[in-house]
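What follows is a set of notes on a single structure, which appears directly below.
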Amino acid sequence: MKEWWIQVGLIAVPLLAVYLHIPPPNLSPALYTWRSTGAFFTYQEQRIFYRDSWGAVGSSDVVILLHGFPTSSYDWYKVWEGLTQRFQRVIALDFIGFGFSDKPRFHRYSIFEQASIVEALVNHLGLIDQKVNLLSHDYGDTVAQELLYRYEHRRQGHINIGSLCLSNGGIFPETHHPRLIQKLLKDGGIFSPVLTRLMNFYFFSKGISEVFGPYTQPSETEYWDMWTALRTNDGNLVVDR
């Protein structure tokens, strides 16, 4: 039995290979509807998913929703209908690397690029000269702050911001306390890609649940929708980037 580790390896390696090639879960009816009622535009050869709904008659207000990490525009599905009763147009996108947008493996993701994608979407929809309202959350707060900087400094291609609402994000670096998994993904070195490959629904849902309060926990179905959107286009393999 001196070679017991060889026997373990012969069993473990095929099982690990099978696990790493498990396809993403099927879209739930709600998530399928969300995707099918959206559209795509191209930014520097990458397909970016967005939804654009027309709402309140008589209003000229437009609101753009910027989602958090590591989720997608589906973050907003519970308030979507309510927002369409207030705004003429309600727009949300999946940042590159998230949701139904492309998730290139060897790509230098940055907040600056995400802000440029928002500007490109506004231009694509013909709203570059119109005042827009921004509603952001978590990761989207940082993107919104970059957009605000560009607006205040009148950078070329900037969007015209009428109002900005930031929610639940790390706005002040000195008071931001990233969770352990965030530190490992960011500074884990060679371990970060290993963590992304070994991530599964159990660890994902457990980690996300800690963000919510005791009375605001998502349902099991909602956790699966978040996980499915993340797994789409192998998003779990780029989440550390």
- Task: Could you walk me through whether F95 and Y109 pass the ring pair (Phe, Tyr, Trp, His ring centres under 6.0 Å) test, one step at a time?
- Result: CA-CA 10 Å; F95 294 125; Y109 293 90; over 10 Å; no

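- Using a cutoff of 4.0 Å between basic side-chain nitrogens and carboxylate oxygens, K103 and D234 are not scored as salt-bridged.
- To the nearest 0.5 Å, atom OG of residue S101 and atom CG of residue D94 are 4.5 Å apart.
- With rounding to the nearest 0.5 Å, the separation of CG in L166 from OG1 in T142 is 9.0 Å.
- Counting heavy atoms from C-beta on, the side chains of D75 and H137 come closer than 4.5 Å.
- The local environment of CD in Q217 is crowded, with over 12 non-hydrogen atoms from other residues, nucleotides or ligands closer than 6.0 Å.
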- Item | Verdict with supporting geometry, H107 and Q46, side-chain hydrogen bond (donor to acceptor under 3.5 Å, both in side chains) | CA-CA 11 Å; H107 184 79; Q46 304 294 338; 5.0 Å; no

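- For N233, the side chain to side chain donor-acceptor pair (under 3.5 Å) criterion is met by no residue, not counting sequence neighbours.
- Ring geometry for F201 versus Y223: interplanar angle over 60°, hence perpendicular rather than tilted (30 to 60°).
- Note that CD of Q44 is 8.5 Å distant from CD1 of I96, once rounded to the nearest 0.5 Å.
- Using a 4.5 Å cut-off on side-chain heavy atoms (C-beta onward), W227 and L230 make contact.
- Grouping Ile, Leu, Val, Met, Phe, Trp and Tyr by side-chain contacts under 4.5 Å, direct or through others, puts F203 with Y202.
- Between Y139 and P70, every side-chain heavy-atom pair lies at or beyond the 4.5 Å cut-off.
- Hydrophobic side-chain contacts under 4.5 Å tie Y74 into a cluster, directly or through other members, with L27, L31, Y32, W34, F40, F49, V63, L65, W76, Y77, V79, W80, L83, F87, V90, F100, L135.
- Between atom CG of residue L93 and atom CD1 of residue I64 there is a gap of 8.5 Å, rounded to the nearest 0.5 Å.
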- Verdict with supporting geometry, N133 and L164, side-chain contact (heavy atoms from CB on, under 4.5 Å): CA-CA 6 Å; N133 305 282; L164 170 60; over 6 Å; no

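- At distances below 3.5 Å, at least one donor-acceptor pair connects side-chain atoms of H153 with backbone N or O atoms of Y149.
- Of all heavy-atom pairs spanning G157 and I128, the tightest one is O-CD1, 3.8 Å.
- Side chains of S28 and W224 form no contact here, defined as non-hydrogen atoms less than 4.5 Å apart.
- Residues T37 and R51 have side chains that bring a donor and an acceptor to within less than 3.5 angstrom of each other.
- Taking the six-membered ring wherever Trp is involved, the centroid distance between the rings of H67 and F98 falls below 6.0 Å.
- Panel note: side chain N168, backbone D138; no donor-acceptor pair is recorded below 3.5 Å.
- Side chain of T33 to main chain of P29: a donor-acceptor pair is present (N/O by atom type, distance under 3.5 Å, no hydrogens or angles).
- For the atom pair L134 CG and L148 CG, the distance stands at 8.5 Å (nearest 0.5 Å).
- Taking both residues in full, the closest heavy atoms of S72 and G99 are given as CB-CA, 3.6 Å, listed atom of the first, atom of the second, then distance.
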- Tell me, with the steps shown, if I48 and D102 meet side-chain contact (heavy atoms from CB on, under 4.5 Å). CA-CA 6 Å; I48 305 298; D102 281 353; 5.8 Å; no

- Message: Set out, in order, the CA-CA distance, both residues' side-chain angles and the distance that settles side-chain contact (heavy atoms from CB on, under 4.5 Å) for F204 and N236, then state yes or no.
- Response: CA-CA 10 Å; F204 171 80; N236 57 306; over 6 Å; no

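- In this structure, the side chains of S73 and Y50 stay at 4.5 Å or more apart for every pair of heavy atoms.
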- Task: Under the side-chain contact (heavy atoms from CB on, under 4.5 Å) rule, what do R105 and V238 come out as? Steps first, then yes or no, please.
- Result: CA-CA 6 Å; R105 290 284 299 278; V238 301; 3.9 Å; yes

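- Annotation: R154, atom CZ; neighbour count of heavy atoms from other residues, nucleotides and ligands within 6.0 Å is above 12.
- For the pair E146 (side chain) and D141 (backbone), a donor-acceptor distance under 3.5 Å is absent.
- Looking at H158 and L147, their side chains never come closer than 4.5 Å, going by heavy atoms from C-beta outward.
- Using a 4.0 Å cut-off between a side-chain N of Lys or Arg and a carboxylate O of Asp or Glu, R150 and E119 qualify as a salt bridge.
- Residue E152 qualifies as enclosed at atom CD: its count of foreign heavy atoms under 6.0 Å is above 12.
- The distance from the CE atom of M226 to the OG1 atom of T221 is 11.0 Å, given to the nearest 0.5 Å.
- In this structure, F69 is a member of the same hydrophobic cluster as F212, with clusters built from ILVMFWY side-chain heavy atoms closer than 4.5 Å.
- A salt bridge (charged side-chain N to carboxylate O under 4.0 Å, His left out) with D61 holds for exactly one of K131, R89, R86; it is R86.
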